[in-house]
Amino acid sequence: MTAPAHRICLTVNGIDRETPADVRSTLLDVLRERWGLTGTKKGCDHGLCGACTVHVDGERVLSCLTLAVSVDGAEVHTVEGLADGDELDPLQRAFVDKDAFQCGYCTPGQLCSARALLTEHARGDLSAASFDDDTVRHAGQDALSDNEIRERMAGNICRCGAYANIVAAITAVHEAS
């Protein structure tokens, strides 16, 4: 028995895209298999590693856990949409400058999460680390501490252990903005 198909329409990195897809297809599978956007990685396929992180309507999601039909009509940004042609995004440049990757497999998800982290902090979203030292800090107004970065990036695993350099890269971009 063939699963029912649904026509999925998304704006991906500013380009309108459409494809028929099985209603059980994940956003990750549609991005990679239908549209050839292989920057987003399938790591654990259980939502535990963060390699598949993308932005849907401005919020980060784990694309391996997101049914494509559930985001039909949405705006999706993947790692392929960070750079402007040959001009690297400041986060990409900082990852290179701070040596924030080794094998590179987790890097697309790390970059998408880092972009979301900076956006969330700037708009004032709090995290568990916002309550350190028994005082409520106002995200977006205070410096972004290493603990805050680690807390907000906790869903992204780097098996090579480049965490210190990832924190340094995010700090550099935050301080430059």
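All residue numbers in this chain count up from 1 along the given sequence.
Among all heavy-atom pairs drawn from I166 and A100, the shortest one is CG1-O, 3.4 Å. The minimum heavy-atom distance linking A21 with V30 is given by the pair CB-CG2, 4.1 Å. The nearest pair of heavy atoms linking K98 to A172 is CE-CB, 3.9 Å. The heavy-atom pair separating T40 from V79 by the smallest distance is N-CG1, 4.3 Å.
Looking at R34, K42, R24 one by one, the single match for salt bridge (Lys or Arg N to Asp or Glu O under 4.0 Å) with D29 turns out to be K42. A side-chain contact (heavy atoms from CB on, under 4.5 Å) with V76 holds for exactly one of T66, V61, D57, V56; it is V56.
One distance of note links CG of L28 with OG1 of T38; it measures 10.5 Å at 0.5 Å rounding. Annotation: the span from E80 atom CD to N13 atom CG amounts to 6.5 Å, rounded to 0.5 Å. The CZ atom of F95 sits 6.5 Å away from atom OG1 of T107, with the distance rounded to the nearest 0.5 Å. To the nearest 0.5 Å, atoms OG1 (T53) and CZ (R115) are separated by 14.0 Å. I8 CD1 to L67 CG: the interatomic distance, rounded to the nearest 0.5 Å, is 9.0 Å. In this structure, CG on N165 lies 11.5 Å from SG on C160, to the nearest 0.5 angstrom.
Using modelled atom types, one side-chain atom of N156 and one backbone atom of G50 make a donor-acceptor pair closer than 3.5 Å. No donor-acceptor pair closer than 3.5 Å links the side chain of D146 to the backbone N or O of V167. Of the possible polar contacts, none joining the E87 side chain to the D84 backbone as a donor-acceptor pair under 3.5 Å is found. Remark: side-chain polar atoms of S113 are not paired, donor with acceptor, to backbone N or O of Q110 under 3.5 angstrom. Without hydrogens or angle criteria, E75 side chain to G14 main chain gives no donor-acceptor distance under 3.5 Å. H174 places no side-chain N or O within donor-acceptor distance of the main-chain N or O of L118, the cut-off being under 3.5 Å.
Both I149 and F101 belong to a single network of hydrophobic side chains, linked directly or stepwise wherever heavy atoms of I, L, V, M, F, W or Y lie under 4.5 Å apart. The same ILVMFWY cluster, assembled from side-chain heavy atoms under 4.5 Å apart, contains both L91 and V96.
In summary, D125 and R152 do not engage in a salt bridge, as defined by a charged side-chain N under 4.0 Å from a carboxylate O.
Heavy atoms of other residues, nucleotides or ligands lying less than 6.0 angstrom from NZ of K41 number more than 12.
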(message) Quick one, E120 with R60, criterion side chain to side chain contact (heavy atoms under 4.5 Å, CB included). Give me CA distance, side-chain angles, the key distance, then yes/no.
(response) CA-CA 10 Å; E120 292 160 4; R60 65 176 133 175; 2.8 Å; yes
